[in-house]
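One structure is given here, and the rest of the page talks about it.
What you see is a predicted model, and the numbers here were worked out from it, not measured in a lab. Letters go in sequence order (proteins before strands), and every chain restarts at 1.
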Amino acid sequence: MTDGPATGEETGPATGVYDRGDAVCVIGGGSSGLAAVKNLREHGFEVDCYERETGLGGAWNAGADRSPVYAGLHLVSSRPFTQFPDFPMPDSYPDYPDHRQVLAYFERYADHFELREHVWFGTEVQSVAATGGDRWEVTVRGTGGGPTRTLRYAAVVVANGHLWHPHRPEYPGQEDFGGQIIHSSAYKDPSQLRGKRVLVVGGGNSGCDIAVAAAQSADTTWHSTRRGDWLTPKYLLGRPADQLDDLTRALRLPLWARRLLYRTVLRLTVGRPARFGLRRPEHKPFTAHPVVTSQLIYHLGHGDLTPKPDVAEFQPGRVVFTDGSSVDPQLVVMATGYRPRFDFLADEYLGGDGERPRLFLHMLNPAYPTLSVAGLIDPDSGQFGLVHWQTVLIARLLRARVEAPSRAATLYRRAERDIDRRYLQTRMLASGRHRYDVGHHRYLAALGQALSGLEGAK
Amino acid sequence: MNGDGSRATVRVAPTRVWRRWDWAKPVRPAQREVRRAVPSAETTAAPLLFVPDLHDPGAAAALDPWLAAATDHGRAGHAVSPRGMGATRGRRFGVTRREWVHDVVQEAVALPRRAVLVGHGTGAWLVAHALHRYPAAAVVLVEPVGLPGHRFPGLGPLLRRPRIGRSLLLGRDPARPAQAPPLLVAGGGAYPAKALTALAVRYGARGERLPVGTPGALPDLAPVLAWLDEVVPAPDAQLA
């Protein structure tokens with residue numbers, strides 16, 4: 001299936017462009033791409049989805065070379081937040097499924113809604129360019145090589161994910177270090193850590209996970225973080241912590257009361273950070289992306305790993321921290337995150353400077369109404385549920401462009417006005433990391449409002 | 001009575017993206033009873049998921065004739081008794097509508113492909129609610145009870161199962177979702193024709209009278225299966 005869609009009219013042998021009529025092109029067959037295919041199909045669109053790997057699942061497809069998945073990776077948001085709202089995860093799944101269960105869930109989603117026949121596996125999108133009349137020319141090529149093909153689509157949904165291009169900050173002296181430095185994307189299982197002196201850099205969710213894995217397998221483990229953070233255990237008061245937090249929201253507690261409750265519960269059940277050698281968080285709860293880990297505290301309490309501040313510099317064989325202390329790791333794992341990348345798309349289409357797209361709802365650029373991005377968000381809860389509604393909005397908007405143009409125009413006008421809105425529940429810490437953060441309540445409210453604007457009479 | 005003709009009177013529910021109680025207090029898993037019948041020849045046709053009348057003591061077992069009719073017609077049939085019904089163990093009272101809808105949707109998504117939901121009696125009421133949680137291939141409401149047109153389940157059932165009665169009579173009516181599958185409202189000889197028409201108009205659905213063999217027995221499903229072949233034909237049938 002690497003030849004691209006067979007149907008379609010060739011407009012002329014000279015140009016070699018296949019016109020796919022009203023069909024929509026979806027780039028990426030991961031969680032967002034699959035939701036886009038399903039919802040576009042449900043709204044009556046023909047869809048061609050291009051996936052560079054030979055299997056679906058995107059980031060969750062552990063066999064793919066760009067997958068950030070590692071052994072022992074579990075969801076950090078519990079099931080009801082993470083699942084697609086119209087395709088709940090089975091009751092037999094645990095509160096926090098692991099990556100294999102998540103991939104199996106996507107496979108079932110694709111089979112149940114018969115999505116595979118619309119996905120062209122092993123096919124990479126090379127370029128996407130606007131042509132007249134808000135249409136798009138998409139050039140694709142088999143991942144294994146072969147000729148390129150150009151097809152013309154009525155709309156393009158970019159769902160290429162934002163967790164595959166590693167962000168590697170450079171530290172002074174890094175090239176003379178001598179030991180091994182890998183990014184967390186290259187960490188796959190604990191055998192890479194066994195018997196070594198390991199330094200894990202990064203206090204995000206994968207940083208904490210890998211620090212825990214190193215505490216269990218490595219000889220010595222250090223964990224370097226830039227700041228003290230609120231480490232939320234996976235369970236609080238007998239239920240998944242995110243469900244407890246949403247219970248306080250459902251009971252309409254104000255933010256200050258939720259913060260007070262959170263601090264109190266954490267103090268009573270876990271204790272002060274200083275007890276474990278951690279720095280006290282200087283920011284208020286809910287102002288940084290949540291870090292959910294129960295085991296880090298456990299291993300700190302057992303002396304299996306040593307917390308360290310930010311890395312100041314590398315020296316031959318040593319790493320020096322900002323407090324002047326130094327260690328001599330054999331392996332440094334940089335859990336410094338990922339950055340989105342759109343090689344196939346000119347920066348102007350996303351309205352920003354490439355690394356920093358400027359999009360309404362993190363999805364739409366009003367200047368190019370038939371181009372949308374799905375999944376370019378980093379919610380404070382599960383991702384797939386939000387992406388489902390994103391893709392429903394994309395499908396309804398594309399349909400409204402034909403059936404109710406005035407409603408679509410109203411939404412685009414709003415998009416221009418609200419293009420810089422962020423949908424956070426509170427002001428976030430200044431950090432490049434929080435560029436795509438959204439609070440799931442605020443963001444869903446905005447999506448719901450946009451959806452209801454497209455419903456009803458024409 | 002066709003959907004498009006009566007759209008003006010159809011009430012479309014606004015899309016509900018916000019599900020705060022599903023996040024804060026998700027439904028806990030419970031045992032369900034499922035009876036399955038699969039045709040001898042392999043098929044890719046949309047499977048049928050039957051939801052029995054909650055007042056029927058047999059629950060899923062009471063729908064065995066329909067399972068047989070579905071397999072004779074070449075479609076896989078599954079009948080679910082949600083928690084507290086039929087052969088399930090556990091709580092029989094105090095079960096909420098949210099929990100029953102959860103059970104129906106869990107069974108629907110467990111099927112290999114997009115299912116057709118067929119609800120009977122108060123089961124149709126559950127199906128109408130489940131429509132907002134699962135994008136079914138098609139929906140059939142047979143002799144619906146608890147929906148506009150025929151809301152009252154009767155005094156006997158109401159006294160035996162007051163909790164369901166309260167939900168039926170006082171709960172919110174499920175409106176047609178914005179993105180609705182093909183809908184059919186069907187009733188046997190004893191079902192009031194006026195209720196059938198009212199509901200069909202309200203949902204922008206097609207209405208159908210079903211023949212009944214003996215009084216009190218389940219209505220004959222043949223016209224429903226014929227309608228399904230029209231709106232969700234099996235892919236292999238399309239090729240043939």
Side chain, backbone, both or neither: which part of B:Arg28 has a heavy atom under 4.5 Å from chain A?
neither

Heavy-atom pairs under 4.5 Å with chain A - which of B:Arg114, B:Arg20, B:Arg133 has more of them than the others?
B:Arg114

Can a donor-acceptor pair be found, under 3.5 Å and without considering hydrogens, that links the side chain of B:Gln106 to the backbone of A:Met89?
yes

Would you mind telling me which of B:His132, B:His102, B:Arg113 has the largest number of heavy-atom pairs within less than 4.5 Å of chain A?
B:Arg113

Heavy-atom nearest pair, A:Glu455 first then B:Ala178, reads OE2-CB, 4.0 Å

Does a side-chain N-to-carboxylate-O contact under 4.0 Å join A:Asp246 and B:Lys25?
no

Surrounding CG of A:Asp111 (heavy atoms of other residues, nucleotides or ligands, distance under 6.0 Å), is the total greater than 12?
yes

With a 4.5 Å limit on heavy-atom distance, are the side chains of A:Phe87 and B:Pro135 in contact?
no

What distance separates A:Trp389 CH2 from B:Arg16 CZ, expressed to the nearest 0.5 Å?
9.5 Å

Value for NE2 (A:His441) from CH2 (B:Trp23), rounded to nearest 0.5 Å, stands at 5.0 Å

Under 4.5 Å from any heavy atom of chain A - which part of B:Ala108:
backbone

Nearest heavy-atom pair of B:Tyr134 and A:Asp86: which atoms, and what distance?
CD1-O, 3.8 Å

Taking side chain as everything from C-beta outward and backbone as N, CA, C, O, which of these in A:Leu444 sits under 4.5 Å from a heavy atom of chain B? Side chain, backbone, both or neither.
both

Which region of A:Glu42, side chain (C-beta onward) or backbone (N, CA, C, O), has a non-hydrogen atom less than 4.5 Å from a non-hydrogen atom of chain B, or is it both or neither?
both

Determine whether A:His440 and B:Trp18 satisfy the following criterion, ring-ring contact (aromatic ring centres under 6.0 Å, His included), listing intermediate values before the conclusion.
CA-CA 10 Å; A:His440 67 290; B:Trp18 202 300; 8.2 Å; no

Interatomic spacing from OG1 in B:Thr15 to CD in A:Gln449 - rounded to 0.5 Å
13.5 Å

One should read off an interatomic distance between A:Gln243 CD and B:Asp22 CG, to the nearest 0.5 angstrom, of 10.5 Å

Less than 4.5 Å apart, side chain to side chain, heavy atoms only: is that true for B:Arg19 and A:Pro85?
yes

If you tally heavy-atom pairs under 4.5 Å against chain B, which of A:Glu114, A:Arg239, A:His43, A:His388 wins?
A:His43

With a 4.5 angstrom heavy-atom cut-off, is it the side chain or the backbone of A:Arg249 that approaches chain B, or both, or neither?
backbone

Test side chain to side chain contact (heavy atoms under 4.5 Å, CB included) applied to A:Leu247 and B:Trp21, step by step
CA-CA 8 Å; A:Leu247 185 62; B:Trp21 289 107; 3.7 Å; yes

So, do A:Pro88 and B:Val105 sit near enough that their side-chain heavy atoms are less than 4.5 Å apart?
yes

Heavy-atom nearest pair, B:Ala30 first then A:Asp91, reads N-OD2, 4.5 Å

Please check if the number of heavy atoms outside B:Arg36 that lie under 6.0 Å from its CZ is greater than 12.
yes

